[in-house]
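In what follows, a structure is listed as C-alpha cells, so that the remarks can point back to it.
Hydrogens, waters and symmetry mates are skipped; everything else that's a heavy atom, side chains included, is used.
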Amino acid sequence: MSKELDSKFETVMIIDDNLVDLYIISRMITKNNFGKNVLHYTEAQEAMKYLQENQDNISKLPQIIFVDIYMPLMSGFEFLEAYETLSTNLKNYCKTYIVSSTIDNEDIARSSNNKNVVSFHVKPLTKEFLDRII
C-alpha cells in the first residue's frame with residue numbers, strides 16, 4: 001500500500017479564459033502533487049475579487065498564481081495592475097507566474113520586468129517547470 005504524497009503547495013490559483021488550457025494546467029498541478037487545492041478562474045476580475053475579499057485571510061490565499069496574458073474584459077497585465085493595490089502580506093505570500101502562449105518579446109519583457117511576477121513561462125506548463133518552483 002503506497003502512502004499518498006504530500007502536495008508541494010496547499011493552494012494554487014489558475015486564471016485563464018481558455019478552458020482547455022485551464023484543464024491541462026489543473027491536471028498538471030494535481031497529477032504532479034504540485035497543489036492540493038486548485039482555484040480555477042476563466043475571468044481575471046473574478047480572481048481579483050476573490051483575492052481582495054480574502055487578502056486578510058492567509059489560509060484562503062493561493063501560494064502560487066498562474067495567470068494568462070490575453071483574456072477578455074481584464075487582461076493579465078490589467079490583473080497585475082490591480083494586484084499591485086493588494087496588501088503587502090498577500091503579495092509576500094502569493095507568488096505570481098505568467099503562463100502564456102505569446103511569443104511577443106515586448107509581452108515577455110513586460111512580464112519579466114513586473115516586480116510581482118516571479119517568471120514568465122510559455123504554454124504548455126511542464127512537470128520540469130513545476131519542479132523548479134520553490
Side-chain angles (χ1 to χ4, degrees):
M1 190 165 192
S2 66
K3 182 183 171 231
E4 186 178 323
L5 294 172
D6 287 334
S7 294
K8 196 172 188 178
F9 296 101
E10 185 68 25
T11 305
V12 177
M13 177 182 279
I14 309 166
I15 309 166
D16 197 320
D17 64 311
N18 183 316
L19 292 175
V20 173
D21 288 337
L22 198 63
Y23 175 78
I24 291 169
I25 295 170
S26 180
R27 287 290 296 143
M28 285 297 296
I29 288 168
T30 55
K31 184 178 158 211
N32 292 293
N33 295 310
F34 184 78
K36 184 176 178 183
N37 304 306
V38 181
L39 304 173
H40 307 90
Y41 289 93
T42 55
E43 296 181 359
Q45 65 270 40
E46 288 299 314
M48 181 53 60
K49 182 178 175 189
Y50 177 88
L51 293 173
Q52 288 168 335
E53 290 172 354
N54 293 290
Q55 63 184 323
D56 296 321
N57 187 352
I58 292 284
S59 67
K60 291 195 171 220
L61 292 176
Q63 291 147 298
I64 303 293
I65 301 172
F66 294 120
V67 61
D68 187 23
I69 294 175
Y70 295 110
M71 296 180 286
L73 304 177
M74 178 186 256
S75 72
F77 291 126
E78 291 167 327
F79 172 85
L80 290 170
E81 287 173 22
Y83 184 86
E84 178 57 32
T85 68
L86 297 173
S87 73
T88 302
N89 284 344
L90 177 141
K91 290 185 284 189
N92 288 336
Y93 184 77
C94 303
K95 304 299 177 214
T96 306
Y97 294 80
I98 298 292
V99 180
S100 180
S101 53
T102 188
I103 54 171
D104 184 322
N105 287 331
E106 284 184 33
D107 286 341
I108 295 168
R110 187 173 172 194
S111 299
S112 299
N113 291 330
N114 186 301
K115 67 181 178 183
N116 293 312
V117 175
V118 176
S119 73
F120 176 94
H121 187 74
V122 177
K123 290 179 184 177
L125 219 64
T126 62
K127 180 184 182 324
E128 293 73 28
F129 174 68
L130 293 178
D131 287 346
R132 287 193 308 264
I133 296 175
I134 300 169

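Closest approach of Y83 and M48 over heavy atoms only: N-CE, 3.4 Å. For the pair S111 and F77, the tightest heavy-atom approach, listed with the atom from each and the gap, is OG-CE2, 3.6 Å. Nearest heavy atoms, C94 versus I65: CB-CD1, 3.9 Å. Minimum heavy-atom separation, N116 to E84: ND2-OE1, 2.6 Å. Minimum heavy-atom separation, M28 to T126: CE-C, 3.5 Å. Heavy-atom minimum distance, M71 versus V67: CE-CG2, 3.9 Å.
The side-chain heavy atoms of F66 and L130, taken from C-beta on, include a pair separated by under 4.5 Å. In this structure, K123 and D16 have side chains that are in contact, with non-hydrogen atoms separated by less than 4.5 Å. With contacts defined as side-chain heavy-atom distances shorter than 4.5 Å, the pair V99/I25 qualifies. Between L125 and F34 the shortest side-chain heavy-atom distance does not fall below 4.5 Å. With a 4.5 Å cut-off on side-chain heavy atoms, L51 and P62 count as touching. The shortest side-chain heavy-atom distance between Y97 and H121 does not fall under the 4.5 Å cut-off. Using a 4.5 Å heavy-atom threshold, the side chains of N37 and E10 count as touching. In this structure the side chain of S101 never reaches within 4.5 angstrom of the side chain of Y70, judged on heavy atoms.
Both L86 and F79 are members of a single hydrophobic cluster when ILVMFWY side chains are connected at heavy-atom separations under 4.5 Å. If you chain together hydrophobic residues whose side chains sit under 4.5 Å apart, V12 and F120 never meet in one group. At a threshold of 4.5 Å between side-chain heavy atoms, the hydrophobic network of Ile, Leu, Val, Met, Phe, Trp and Tyr places Y50 and L80 in one connected group. A single hydrophobic cluster is seen to contain both V117 and I15, as judged by linkage of ILVMFWY side chains at heavy-atom distances under 4.5 Å, directly or through other members.
To the nearest 0.5 angstrom, N114 atom CG is 9.0 Å from E81 atom CD. Note that CD1 of I98 is 9.5 Å distant from CZ of R110, once rounded to the nearest 0.5 Å. With rounding to the nearest 0.5 angstrom, the CG atom of L90 is 9.5 Å from the OG1 atom of T85. One distance of note links CD1 of I14 with CD1 of I29; it measures 3.5 Å at 0.5 Å rounding. Within the model, atoms OG1 of T102 and CG of D107 stand 4.0 Å from one another, a figure rounded to the nearest 0.5 Å. Atom CD of E43 sits about 5.5 Å away from atom CG of L73, to the nearest 0.5 Å.
Counting only distance, with no hydrogens or angles, the side chain of Q63 and the backbone of F9 share no donor-acceptor pair below 3.5 Å. Side chain of K36 to main chain of N33: no donor-acceptor pair is present (N/O by atom type, distance under 3.5 Å, no hydrogens or angles).
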Decide side chain to side chain contact (heavy atoms under 4.5 Å, CB included) for I103 and V122; before the verdict, give the C-alpha distance in whole Å, the side-chain angles of both, and the deciding distance to 0.1 Å. CA-CA 8 Å; I103 54 171; V122 177; 5.5 Å; no

The test is side chain to side chain contact (heavy atoms under 4.5 Å, CB included); show your working for L61 and N89 and say whether it passes. CA-CA 11 Å; L61 292 176; N89 284 344; over 6 Å; no

When you look at N18 and D68, which way does the side chain to side chain contact (heavy atoms under 4.5 Å, CB included) test go after all the steps? CA-CA 9 Å; N18 183 316; D68 187 23; 5.7 Å; no

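Environment of OH in Y93: crowded, with over 12 heavy atoms of neighbouring residues, nucleotides or ligands closer than 6.0 Å.
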